[in-house]
Participant: 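Shown below is the structure under consideration.
Each ligand, and each atom within it, is numbered from 1 in the order the structure gives. This structure is a prediction, so every number in the text was calculated from the model and none was measured.
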Amino acid sequence: MPGRVSRRGFMTIAGAAMTAISQSARGNSAPEELPLEEASASPANGRIVDIHVHFDEKNPNFIRDLAKVAERINLVACLLTPYPYRAQVADAAKQYPKHIVPFGFVDLDAPDVLAQVKDFHALGYRGLGELEFVKKPYTDDSYVPVYELANQYGWVVMFHTGIVLRRSVDEPENVASYRMRAFHLEEIARRFPKLTVIGAHCGNPEYEWAAEVARWNPNVFFDLSGSTLTKMSGRLEEFKKIFWWSGQGEWKTATPANDPSAFIKLVFGSDNGLDGIERVVSQYRAFFNACDVPASTQQMIMGGTLAQILRI
Ligand SMILES: [Zn+2]
């Protein structure tokens, strides 16, 4: 779910990042004019793949607005689409193949969830997400048929992990963050090896569990969307202790591009509305700088890994 955060304090750095992005997107970047860390943080091919863009039902011009932003900053959006909008987004993905990859949002507890998944597949969808607000833990047997189908399709499935917003304080709601803890993804990834499992929000606040599950499971990745990069903005280097195994290859788990950096288990996700994507890009860049993430790994995180998995 979009976790809207105040833009205060980010405008300056976001502005600098936007300039850098739009320059490189136009192919006329002038690195000597950019601060060094901005230049080195730019993905080599300039393209960003965002695993976490929610379709905005409230904006009738959403597709047009998304296409505009995506063109400007050289972005591919994995567009998380509610079932009623499935045909509209399937068409949009055909119209904007460089900018939209369609993902189906389903409620795992819906009685017709399997039929919905099949419909999404028939329309050319590439995965599911964001799965969230589940009534039982993700590993509950009743959800297995969905995972089996997604595994058969070789899909990417994105799960919300960790703390979740409260939609109402007046009405009772059957929602609990523990059902969406990052460690549940371990069992799903192991039982369904053709799936690519993405955990949104890196298990916030259980980053250690998220990282360790990702370390052992080549088909597990996490995004850092949500409040984490804001909460941790003054202590981002702590992630070096959590993603600790860079260059220590004794586990021999496969990584994209055989990258030995532990941070290769992260992918870019914004989860922030169209006007918030660039702010999250600059937050990822601050994170890269604080954790000394190699330039080649940055490029994979910002788009290379998802481009490989989705073959785009
Ligand atoms: Zn979420």
Participant: Check whether any N, O or S atom of His52 sits under 2.8 Å from the Zn ion (ligand 1).
Facilitator: no

Participant: Measure from the Zn ion (ligand 1) to every N/O/S atom of Glu130 and report the name of the nearest one.
Facilitator: OE2

Participant: Give a yes or no on whether the backbone of Val164 and the side-chain of Ser177 come within a donor-acceptor separation of less than 3.5 Å.
Facilitator: yes

Participant: Answer with yes or no whether the side chains of Thr230 and Gln283 bring together a donor and an acceptor at under 3.5 Å.
Facilitator: yes

Participant: Can you see which heavy atom on Val53 is nearest to which on Ala77, and at what distance?
Facilitator: CG2-CB, 3.7 Å

Participant: Give a yes or no on whether Tyr138 and Val156 share a hydrophobic cluster (residues Ile, Leu, Val, Met, Phe, Trp, Tyr; joining criterion: side-chain heavy atoms under 4.5 Å apart).
Facilitator: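 No, Tyr138 and Val156 fall in different hydrophobic clusters.
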
Participant: To the nearest 10 degrees, could you say what angle the Zn ion (ligand 1) makes with ND1 of His160 and NE2 of His201?
Facilitator: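 Roughly 90°, rounded to 10°.
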
